[in-house]
Amino acid sequence: MFDLLLDLSVPRKGALNGAAAVIQKICGILGTDFDRAMHQTFHRGAGQSVQLGDHLFQDQRLLRGQFRVCPACLRNDIGSDLTDKTALNAYARMTWSISCFRVCPKHQLFLVHSPEPGPSHEFNQTWEAWLPEILDGDLD
């Protein structure tokens with residue numbers, strides 16, 4: 001993701017914070033609908049709140065520095081054969097970043113943490129190294 005932002009000359013911090021001007025620039029370059037993108041992007045609301053769609057969350061209700069996933073969601077994204085190419089099909093779900101969500105709403109499985117600490121924003125995680133452990137159920 002960061003390589004794409006760099007190629008688009010878009011500031012990483014603005015994209016991570018859901019800055020409207022940055023999201024609008026990305027949408028203009030990629031030819032996507034700005035309103036839909038903003039509805040599906042975490043962005044700062046009034047004060048310490050963060051908005052996602054029509055929902056406001058207090059900042060402390062969102063996970064930072066952690067990365068949780070549903071192994072079944074990742075397995076569905078990737079398919080039966082884990083390769084460098086199929087791993088690119090896996091993507092993070094917004095619900096994984098909301099602290100009160102502990103179980104995948106689709107699969108009813110507990111969300112699991114990566115075996116390595118994540119960076120300051122959960123969607124920045126480069127997780128190819130530990131993805132096989134999650135999919136194989138080898139996590140502690």
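Starting from 1, each residue takes its place in the sequence as its number. Just so you know, these numbers come straight off a predicted model, no measurement behind them.
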Should we say atom [atom1] of [X] is surrounded by more than 12 heavy atoms from elsewhere, each under 6.0 Å from it?
X      : atom1 : result
Asp84  : CG    : no
His107 : NE2   : yes
Phe110 : CZ    : no

[X] to [Y] - nearest heavy-atom pair and separation:
X      : Y      : result
Leu111 : Phe101 : CD1-O, 3.6 Å
Leu74  : Ala90  : CD2-CB, 3.7 Å
Arg102 : Arg68  : CA-NH1, 4.0 Å
Asp81  : Ile78  : O-CG2, 3.9 Å
Cys73  : Trp96  : CB-CZ2, 3.7 Å
Ile23  : Ala15  : CD1-O, 4.4 Å

In this structure, would [X] and [Y] fall into the same cluster of hydrophobic residues linked by side-chain contacts under 4.5 Å?
X     : Y     : result
Leu6  : Leu30 : no
Ile29 : Leu5  : yes
Val10 : Leu4  : yes

Look at the side chain of His55 and the backbone N and O of Gly53, then say whether any donor-acceptor pair between them is shorter than 3.5 Å.
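Not at all, since once roles are kept as given, no pair shorter than 3.5 Å links the two residues.
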First locate atom [atom1] of [X], then atom [atom2] of [Y], and finally report the distance between them rounded to the nearest 0.5 Å.
X      : Y      : atom1 : atom2 : result
Asn89  : Leu82  : CG    : CG    : 10.5 Å
Thr41  : His39  : OG1   : NE2   : 10.0 Å
Met38  : Gln24  : CE    : CD    : 9.5 Å
Cys104 : Leu109 : SG    : CG    : 6.5 Å
Asp33  : Gln40  : CG    : CD    : 9.5 Å

Show, in sequence, the C-alpha distance, side-chain angles and deciding distance for Lys25 and Ser9, and conclude whether the side-chain contact (heavy atoms from CB on, under 4.5 Å) test is met.
CA-CA 10 Å; Lys25 181 176 181 179; Ser9 299; 4.1 Å; yes
